[in-house]
Amino acid sequence: MRRAFLACLVSVALPGGAFARCEGYKPQPKPQNTFAQDVGRDFDRIIDEGWIEFAVYEDYAPWSYEEKGKLAGVDIEIGRLIAKALGVEPKFRLVASGENLEADLHNYVWKGAAVGGRVSDVMLHVPYDSALVCRIEQVTFTGQYATENVAIAYRAADYEDQAPTPPFFRFDPVAVENDSIADFYLTSLIGPVDKIHRYRSTTAAMDGLAKRETKAAMGPRAELEAGASRHPDDGLKVHSPTLVGFGRGSWTFGVGVNFQHKDLGYALDEAIERALADGEIARIFEGHGLTFTPPQR
């Protein structure tokens, strides 16, 4: 499950969320009489040693996953693209998602896990939001490379007259990832009705739709599109309706690096900006059969 990414958006996605940058935010206390700690590798060392390590989520199709013993996915290809731009070799570290984004950034970007932990040079697929920038001072959020949104997948034969929207799910069964932003939204909108079928992942939710356990599935668009492509003969479609009462149904994601390594952050952002301008990132999405929405930068 990817609660680590999507749960962090609930506070700004559902009604009542704060949108003003750093509204009500209190800076973290500054340590006194402590020595500076160097965490991770700086940009010069990465160039000198000739390689860069990206932390990517495991079992996270279509973004990062193993297929026939090899790494695949949009984020893997973007990591390779960045490494090529920097003139170094890419390495990838598959990591598990935690209970929230702060925990993942702590473990993989700016400090490392308490037992045997170490940081990677870069973490991919990090959502960008003003509240996160204010709250997590130890991470530089940069290199936004795409926008994602909540969407609905459905079997076209079941909805010939109109594609389904959330109110349909008062009566029609819908699949969601358990404890995901889609789960929270539907529960908030229509209540804990028995039509909401919860699965361990969006991938499993799409498999449930393909098996006719539900009539629709709701979740991040790219994951729904990837699921639909695995079942090409089932007549599955994906659309992005207006979501009533949803303060934010879309979000931008990019990369996260340790705040000490600003020069690395600048180099990453420049590489991604060039790849966006010349269409390389759009072509990666197209190659995976996914809709590409440019990020807000």
Side-chain angles (χ1 to χ4, degrees), residues 1-14 56-66 73-75 94-104 124-127 129 146-155 164-166 168-170 172-231 234 236-241 243 245-251 253 288-291:
M1 292 183 290
R2 292 300 174 269
R3 288 190 295 265
F5 277 140
L6 300 183
C8 73
L9 296 171
V10 173
S11 63
V12 293
L14 296 178
V56 295
Y57 282 104
E58 63 185 5
D59 193 24
Y60 192 24
W63 303 108
S64 48
Y65 57 98
E66 287 190 90
V74 171
D75 287 341
L94 293 174
V95 300
S97 61
E99 286 301 313
N100 54 57
L101 179 64
E102 285 92 334
D104 289 350
L124 294 173
H125 213 96
V126 174
D129 179 80
T147 297
E148 180 63 296
N149 67 272
V150 175
I152 295 174
Y154 61 100
R155 185 175 293 100
T165 58
F168 281 64
F169 306 138
R170 295 180 184 274
D172 297 345
V174 59
V176 298
E177 177 180 334
N178 187 45
D179 286 345
S180 67
I181 196 170
D183 184 5
F184 296 148
Y185 172 68
L186 287 179
T187 301
S188 173
L189 182 70
I190 64 178
V193 298
D194 60 0
K195 298 302 181 182
I196 302 175
H197 293 211
R198 296 173 175 85
Y199 294 78
R200 62 178 179 80
S201 66
T202 303
T203 298
M206 285 299 290
D207 291 340
L209 171 59
K211 295 174 183 176
R212 297 182 179 272
E213 296 170 357
T214 68
K215 295 181 69 173
M218 189 171 180
R221 181 187 59 202
E223 294 176 61
L224 298 181
E225 290 178 338
S229 69
R230 292 196 310 275
H231 303 283
D234 289 296
L236 303 182
K237 293 187 175 182
V238 178
H239 79 128
S240 300
L243 300 176
F246 211 150
R248 174 182 292 177
S250 66
W251 57 94
F253 53 84
H288 287 267
L290 305 176
T291 301

Does any N or O in the side chain of H239 come within less than 3.5 Å of the main-chain N or O of P164, such that one atom is a donor and the other an acceptor?
yes

Can you classify the ring geometry of F253 versus W63 as parallel (below 30°), tilted (30 to 60°) or perpendicular (above 60°)?
perpendicular

Look at the side chain of T187 and the backbone N and O of D183, then say whether any donor-acceptor pair between them is shorter than 3.5 Å.
yes

Inter-residue atom distance L243.CG - S250.OG, 0.5 Å rounding:
9.5 Å

Stepwise side chain to side chain contact (heavy atoms under 4.5 Å, CB included) test for I152 and F169:
CA-CA 11 Å; I152 295 174; F169 306 138; 3.9 Å; yes

Straight-line distance of E177 CD to M206 CE, nearest 0.5 Å:
13.0 Å

Side chains of R198 and S180 in contact at under 4.5 Å (non-hydrogen atoms):
no

Residues in side-chain contact (heavy atoms from CB on, under 4.5 Å) with K237, at least two apart?
Y154, A156

L236 CG to L224 CG distance, which is reported to the nearest 0.5 Å
10.0 Å

Heavy-atom distance under 4.5 Å between the side chains of L101 and P127, does that happen here?
yes

T214 side chain reached by L209 side chain, heavy atoms, under 4.5 Å
yes

Heavy-atom side-chain contact between R155 and R212 under 4.5 Å:
yes

Find out whether V56 and H125 are in side-chain contact, i.e. whether some heavy atom of one side chain is under 4.5 Å from a heavy atom of the other.
no

side-chain hydrogen bond (donor to acceptor under 3.5 Å, both in side chains) partners for S240, two or more places apart
N149

Sub-4.5 Å side-chain heavy-atom contact between P220 and T202:
yes

Which heavy-atom pair separates H197 from P173 by the least distance, and what is that distance?
NE2-CB, 3.8 Å

Heavy-atom closest contact (T203 atom, A61 atom, distance):
OG1-O, 4.5 Å

I'd like to check the side-chain hydrogen bond (donor to acceptor under 3.5 Å, both in side chains) partners of H231; sequence neighbours left out, ordered by chain and number.
D207

Hits for side-chain hydrogen bond (donor to acceptor under 3.5 Å, both in side chains) against S229, two or more places apart or cross-chain, chain-then-number order -> none

Heavy-atom closest pair (P62 atom, L290 atom, distance to 0.1 Å) is CG-CD1, 3.7 Å

Contacts of L189 that satisfy side-chain contact (heavy atoms from CB on, under 4.5 Å) - sequence neighbours left out
P166, Y185

Which atom names give the shortest non-hydrogen contact between A153 and V238, and what distance separates them?
CB-CG2, 4.0 Å

Minimum side-chain heavy-atom gap K195-I190 below 4.5 Å
no

Residue set satisfying side-chain contact (heavy atoms from CB on, under 4.5 Å) with A204, at least two apart, ordered chain then number -> Y199, R200, S201

Checking side chain to side chain contact (heavy atoms under 4.5 Å, CB included) for the pair I196/V176: CA distance, chi angles, key distance, verdict?
CA-CA 7 Å; I196 302 175; V176 298; 3.8 Å; yes

pair S64-L124: side-chain heavy atoms closer than 4.5 Å:
no

Establish, from distance only, whether the side-chain atoms of Y60 and D75 form a donor-acceptor pair under 3.5 Å.
no

